[in-house]
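Letters A, B, ... are given to chains in the order of the sequence lines, protein chains preceding strands, and every chain is numbered from 1. The figures that follow rest on heavy atoms only: side chains count, while hydrogens, waters and symmetry mates do not.
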Amino acid sequence: MDSDTLVIGAGPAGLSAATELRRLGVAHVTVVDREAEAGGIPRHGGHYPYGLREFRTLMKGPAYARALRDRALAAGVTIRTGITVTALHPGGRISVTSDDGMGQMSAARVLLAMGARETPRATRLIGGVKPGGILSTGALQGLVYLNGQRPFRRPVILGTELVAFSAILTCRHLGITPVAMIEPGARTTARWPTALFPRMLGIPLHLRTDLLSIEGADRVTGVTVQGPDGQTRQIACDGVIVTGGFRPESALLAGGPIAIDPATGGPLIDSTGRCSDPAYFAAGNLLRGIETAGACWDEGRRIGGAIARSLKGQTPHAALSVTTVGEALKYVLPQSVAPDRALSRFQLRVTRPVQGNLVVKLNGREVARHPISARPERRITVPFSVLPKGATGTLTFEIEEPGK
Amino acid sequence: MTQPPAAEPYDVAVIGAGVIGCAIARRFTLNGARVVVLDKAADILDGASKGNSAILHTGFDAPPGSVEAQCIADGYREYLDIHQRLGLPLDKAGALVVAWSEAEEALLPDLIAQAHENGVTDVEPLTGSATRALEPELASTARASFRVPREYLIDPWSAPFAYLLQAVENGADLRRSTEVTGGGFDGAHWRLETTTGPIIAATIINAAGLYGDVVDQRLLGRADFTIKPRKGQFVVYDKPASRLTRHILLPVPNAVTKGIVVCRTVWGNLLVGPTAEEQGDRAHATLVPETLAMLKRRGAEILPALAQEEVTAIYAGLRPATEFKDYQIRAHEGQNYITVGGIRSTGLSSALGTARHVFALWQGQVTPLPNSVWPTVSNLAENAPRPWQSPGHGGIVCHCELATRAEVEGALSGPIPAHTLAGVKRRTRATMGRCQGFYCSAALATLTAGHLIPPLAEPADGQ
């Protein structure tokens, strides 16, 4: 074994887990990251707000990323960057490549914390041509905050998740002026008052509008959109920011020893973050698409603690499986509950806007019921405290909608 | 940017740096001719050659006796001869021509007979259950098939790049961003007017693909055919989908098109396409969401498990079809001019054979190079070692495709440096993966700064 614990991914979840493991006395904790610098996505989130929960101070992303790294280093974590993991093998052995060539690493426990990425234009089947200037928010932020480069001046923004507003802030950093914000839904995905935010910045918000096609040659010259009246029209622009639709960066799991939940696209975990191969744990946005950096940090810390306990043989396996019923719920996390409840809450998402009750049943018997008004990509949590002590069997979550 | 005319007249000026132009440049150069290749685009492979299905066809279904059939057979053979020396991949996938209806099943015997006529005699008829035994993920509605064992997968960009690289390393010149605007023949030499200055060459070879008729019109004052661009849209699935099939799954072709193919790529993806849509526009291959959705549905009808897989790339190509079925290759008597047109969809397979065919039509007198150089290209295929597997690659730039810093730097240097982002992609696969640049755009913009037209991003100083 190279380490007691190996963490793949030096973002908020991975760094916080590694720091916690050291704090709890685990001797050899190594974090690997494929980028040249540790810190993960916040490295190029060059705006507020980061760090309130973790450092009790308001920080921009890069400062936050450095602080997480420094705290891990101070705790005695080994961080190795420029290492790309190419395969996972049973029992905590991984294949890597770096400038030194291919290699293997192994550890008693491996924490997967590879994060998430946005859904690109291609996956959304957006029509038109493929000129330069079509970027995800992640790519935009890398160019703007890491490189000080400007990929366009008058882009259109597709999507209204929280990250779309982050895209606006990123644009403003370099004097890029978005010309429109396009949202297929009837309301913005992110919570009010963000709905007012683009208007406040003078960016027209087009709701119930689809991006049909992208025009241009070398560079984007415009987009065609279809509004609620069914009419199509052109918007002149020199770029398109395709935002949101976060999904786990889980390609590494394909064909490996870890079972994947098709609903989340990430690994199946129990309440300690443990995967189907018990040498592996998972935390952060790899689990489900996206949560805030602070939520990932908290999750990493909790699962880091669980890993430390598992190294001492103190974490029995799950006795309660957790699942959703019906199409309205997209997923529930964790997918099973072990006696060690490192994670304290269930996380859920809906597939569409819903209004009604969230009903929780243990082996078919209702144990909790909460009114719910939810929309896709918005956070829904249910505390583990709804569970009777020592519950076993199957826990289900479903949405009851009056009139449906 | 005007370059002075070459010190000596070229033997041959090849117009168009697509797969056909690249192969012709290689053949003529190796046979001893002084060659210049011109392309109006900023980089090579920017026309019809940028979007195809990446298959090395045997030509089993080509019209027997056609020029196309001969060129495919010769091109296929030469690719197998040279691919290892040039470092080019070969994935011996084999193909299944699958019948999905009674009517299609009734056509199989004729297609098998046609394959034999084309010299492809190792085809093997299979029942529905034998077909599914070979391809367990295939839909149960597959009625019958025949197997064409020697239909293979290759890299559609590395191959022509390697052909041109070998030409250039053996003395050929390449001039990009050079559009031929006119020219005249004095009985011995052509003087081409181009956007980067005049070029003197004894013979013109028009391999301008989608602009073949335009170039003939411009230089000869007439064209024997009209290009009727035929668009093909494709969807590409992420790498896990490639486990769903080993063979290239071909439909029963009709008169117009080979139909929608499902096959792996040498890069480890799986693609579904192309459509065949005639259009007037030679420049833009527009992606249509409804058509892409149709391709996804069709893919899932053929391989039901595909419904669970993720599309990570979409593209559309234009094939330079004409009003004629066969290739339009013609040496214009007394004019030192060869038109190589209408290479409608099999150019990747036939290119090396087409180049031989064109060389045989040429009247020039040359002596083959005694000691030709054989460069190798960086391997991008999954079935052979890639640079990320060896030390000294400088780190991974594109994580999805495991494209290394050394590969990106290599693509920007050497005898044919990439001038466009698309050129970098085709040489390295950077940004071609599932995240489409989410992770690597910043690193790529830094590495490519000063090399690309247009740049990936501009420096932010100077508002």
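Relative to the six-membered ring of Tyr237(B), Arg264(B) misses at least one condition, a distance below 6.0 Å or an angle of at most 45° to the axis. A cation-pi arrangement is absent between Lys130(A) and Tyr315(B), since the terminal nitrogen or guanidinium carbon is not both under 6.0 Å from the aromatic centre and inside a 45° cone about the axis.
Ion pairing of Lys40(B) with Glu179(B) is absent here, as no side-chain N (NZ or NE/NH1/NH2) approaches a carboxylate O to less than 4.0 Å. A salt bridge links Glu409(B) to Arg405(B): at least one charged side-chain nitrogen sits closer than 4.0 Å to a carboxylate oxygen.
Looking at Lys296(B), the atoms closer than 4.5 Å to chain A (heavy atoms on both sides) all sit in the side chain, from C-beta outward. Using a 4.5 Å cut-off between heavy atoms, Pro120(A) contacts chain B through its side chain alone, with no backbone atom that close. Both the backbone and the side chain of Gln389(B) have a heavy atom closer than 4.5 Å to some heavy atom of chain A. Within the 4.5 angstrom heavy-atom criterion, atoms from both the backbone and the side chain of Asp218(A) approach chain B. There is no contact between Leu421(B) and chain A, counting heavy-atom distances below 4.5 Å. Residue Leu402(B) touches chain A through its side chain alone, counting heavy-atom pairs closer than 4.5 Å. Contact of Thr446(B) with chain A is made through backbone and side chain together, with heavy-atom distances under 4.5 Å. Interface remark: Leu212(A) contributes backbone atoms only to the contact with chain B (heavy atom separation under 4.5 Å). Neither the backbone nor the side chain of Pro387(B) comes within contact range of chain A; no heavy atoms are under 4.5 Å apart.
Most heavy-atom pairs under 4.5 Å with chain A, from the set Ala445(B), Gly395(B), Ala283(B), Pro240(B): that is Ala445(B).
Side-chain contact between Phe246(A) and Glu161(A): present, with at least one pair of heavy atoms (C-beta onward) separated by less than 4.5 Å. Looking only at side-chain heavy atoms (C-beta outward), Leu444(B) and Val408(B) come within less than 4.5 Å of each other. Put simply, the side chain of Val236(B) does not reach to within 4.5 Å of the side chain of Val311(B), judged on heavy atoms.
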